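Contents: one structure, followed by commentary.
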Amino acid sequence: ALILLREMATRGLNPDVITYNTAISACGAGEQWELAVSLLRKMSTKGVRPDIVSYNSAADACAVAGRYREAMSLLREMPRRGITPDVVTYNSAIAASASGGKWKIAVGLLREMASTGLAPCLISFNSVIDACAKGGQSRVAVNLLKRMPTVGIIPDVISYNSAIDACAKGDQWKGAIGLLREMQAVGVPADVVSYNSAIDACSKCDQWETAVGLLDEMRAVGLKRDVISYNSAIAACAKGRRWNEAVNLLGEMRALEVTPD
RNA sequence: AAAUACUCUUUUG
């Protein structure tokens, strides 16, 4: 992308804001947060005024690279440049907080949105739940999930999956399974990630039999078990000192053409 | 009169 951007100049073509934004997001995808930020700076000097997408993209590039501080400082810089943060801006900031392990900041940003008159959307809630998961706050995560319908947002598969992951990371295997059953009951079909997260929860809580049971259930409901499903179930057996079951699962992977890693 | 391009969320070791 950067090569093409340079090539434009040699051909007398003028990059516009979308050209730069696309290049910034390409840097983000390539985990080159510094390049993303330097393009953001450079476009101004070339007479192309960064817009909200420019900032959101550069901030997200920082977030993806785990540069929480840099992401936040870009987002805080926006108002000074006359750009009003939007829902995507906040969602990115929440995601940056999540990867920085700052669940309280994520929750604070959700409140800040509302107080600014921006309505949090499905992704906002999902991102805060993820931040709580990464911060080991399963109770807060589940409370947020429960609160979503009260503001008119119906939790989707990612909401549930993030909350199940929060239970896994908080050693709440019963909570994880409860949510897995709940989503099925309310018409949000569980997917491979839902089961994988629930199996991980069982593994962390020394529930190897339940973990293996969920793996079997995946087959029964027609979900394609992947390397993560097996790794988690094998880890559960290992923790439970069930070496025989672990080796059997390894063999089963091969038979199903899931390549062990 | 008209087409096309840019940003946010989930799972194991």
Side-chain angles (χ1 to χ4, degrees), chain A residues 1 4 15-29 36 39-40 43 48 50-64 71 74-75 78 83 85-99 106 109-110 113 118 120-134 141 144-145 153 155-169 176 179-180 183 188 190-204 211 214-215 218 223 225-236 238-239 246 249 258 260-261:
Chain A
L4 290 170
D16 65 5
V17 64
I18 293 188
T19 314
Y20 277 103
N21 291 353
T22 307
I24 291 170
S25 97
C27 293
L39 275 177
L40 179 73
M43 61 194 289
V48 181
D51 66 4
I52 190 163
V53 175
S54 320
Y55 272 94
N56 289 351
S57 304
D60 182 57
C62 295
V64 164
L74 281 176
L75 297 162
M78 294 172 62
I83 299 169
D86 67 0
V87 176
V88 174
T89 307
Y90 274 93
N91 292 351
S92 295
I94 291 167
S97 317
S99 45
L109 285 164
L110 190 70
M113 286 179 82
L118 272 178
C121 70
L122 176 65
I123 294 181
S124 318
F125 274 95
N126 290 354
S127 304
V128 180
I129 293 172
D130 176 47
C132 293
K134 293 190 164 75
L144 281 163
L145 180 74
I153 299 173
D156 70 354
V157 64
I158 296 183
S159 319
Y160 274 97
N161 290 353
S162 302
I164 292 171
D165 179 44
C167 291
K169 292 189 164 55
L179 289 172
L180 182 71
M183 67 193 290
V188 179
D191 66 7
V192 174
V193 175
S194 320
Y195 275 92
N196 288 356
S197 301
I199 292 171
D200 179 43
C202 295
S203 168
K204 287 184 165 55
L214 288 171
L215 191 67
M218 287 178 82
L223 285 172
R225 295 167 292 182
D226 63 13
V227 66
I228 298 180
S229 323
Y230 277 98
N231 287 352
S232 301
I234 290 171
K239 282 194 77 184
L249 289 176
V258 177
D261 64 0

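For clarity, every value in this text was computed on a predicted model and none was experimentally measured. Residue numbering restarts at 1 for every chain, and letters A, B, ... go by the order of the sequence lines.
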Partner set under side chain to side chain donor-acceptor pair (under 3.5 Å) for T19(A), not counting sequence neighbours: D16(A)
Sugar-phosphate or base contact per nucleotide [nucleotides 7-13 of chain B; S, B, -; heavy atom under 4.0 Å]: BBBBBBB
T89(A): partners by side chain to side chain donor-acceptor pair (under 3.5 Å), with sequence neighbours left out: N56(A), D86(A)
Qualifying salt bridge (Lys or Arg N to Asp or Glu O under 4.0 Å) pairs with a residue from residues 122-134 of chain A, counting only residues at least two apart or across chains: D130(A)-K134(A)
Partners passing side chain to side chain donor-acceptor pair (under 3.5 Å) against S124(A) (at least two apart in sequence or in another chain): N91(A)
Side chain to side chain donor-acceptor pair (under 3.5 Å) partners of D156(A), counting only residues at least two apart: N126(A), S159(A)
